[in-house]
Amino acid sequence: MKKALVTGISGQDGAYLSKLLLEKGYEVCGTSRDAQVSPLRNLDRVGTRKDVRLASVALNDFRSVLQVLFKVEPDEIYNLAGQSSVSLSFEQPVETQDSIYLGTLNLLEAIRFTGKAIKLYNASSSECFGDLGGQAATEETAFRPRSPYAVAKSAAFWQVANYREAYSIFACSGILFNHESPLRPERFVTQKIIRSACRIAQGKQKRLQLGNIEIQRDWGWAPEYVEAMYRMLQQDVPQDFVIATGQTRKLQDFVATAFAAVGLDWREHTTIDQALFRPTEIMIGRGDASKAAEKLGWKPKYKMAEVVQMMVQAAAEADG
Ligand code: NAP
């Protein structure tokens, strides 16, 4: 039985990945900064809580990282932990850098220290590309990060690439574009839009305040994206992959689709609030996942419209 260690298992991707790996017959151990107090609601929602082992690990603490590697002896590590909000990274740049960059470096160092053939998946991000003016990003596209989050993810990406080359560690980064699900916290604008549309339709909320709705993004379905992570570690050679649906839409379209799904016209219920604009923004995010299609056989089934429908349905069910 293969053993997987999933850092940040309490998050959206961690929960879906735990389900996928258990279905594939893995023994799964997941980390949280404090597994004793973390509510781990996402594991309850996907039904994996009782089947995963849990460990408290602070990725920015090398001893803590090394200890869990000795204890679990994983074949594969999926590094999903870290401060994951672009907006929050402008408020907490040091915490963001620490949890993402130092966390990844500690994992790489710990793998090197054990001398074992442990494979590492690193959660990189399309935010690393910055604004490409509409050009589709591939694995060859240069990084021009535009937020503390993206700077940290870019540094972690290059650290992974360096350890792969320097020490022949099987380590790769998935450069994932946005992926959503009912497990997304409301801190993210997508879930804020979905939940607000549902509450407004039920008369429980008056209006929705939004920032820049002209931005364009590629939104996929999170359960499909964790399948790509798994496939990256099953390759003969470690490589980085862009993961995207290939369809870019305006945030305004996302809003319109969500409100239409609950029978409302978004223009009558939303207000633009300049305070919600970011100091620096990526106007267009576009990805080309041809390499993943060719080498991983990965092709997404769901695009923005279906993702919104599934999120609205889940939110409506949760609200009763
Ligand atoms: P998520 O729901 O925010 O989960 C990340 C987990 O990391 C949290 O559950 C939390 O676990 C831990 N964490 C949060 N803040 C931390 C901090 N300051 N220090 C250390 N750990 C912290 O994120 P996700 O959406 O599942 O994404 C998984 C990974 O993929 C993240 O690294 C994210 O940046 C990256 N990514 C996500 C997307 C996307 O669209 N979802 C796109 C590209 C890349 P505990 O509280 O239990 O410790």
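Remember, it's 1-based here, ligands and their atoms both numbered in the order they're listed.
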Q67-R63 side chain donor-acceptor pair, cut-off 3.5 Å: yes
For R49, enumerate each residue passing the side chain to side chain donor-acceptor pair (under 3.5 Å) test, keeping only those at least two apart in sequence or located in another chain. D44
Aromatic Y26 / basic K2 pairing, under 6.0 angstrom, 45° off normal: no
Around ligand 1, what residues show up once you keep those with a heavy atom under 4.0 Å from it? G8, S10, G11, Q12, D13, S32, R33, S38, L80, A81, G82, Q83, S84, E95, S99, A123, S124, S125, Y149, K153, L176, F177, N178, H179, R184
Output every pair passing salt bridge (Lys or Arg N to Asp or Glu O under 4.0 Å) with a member in residues 197-213, not counting sequence neighbours, ordered by first then second residue. E186-R199
Got more than 12 heavy atoms from elsewhere within 6.0 Å of CZ, F113? no
Hits for side-chain contact (heavy atoms from CB on, under 4.5 Å) against S85, two or more places apart or cross-chain, chain-then-number order -> Q83, S87, L88, R187, F188
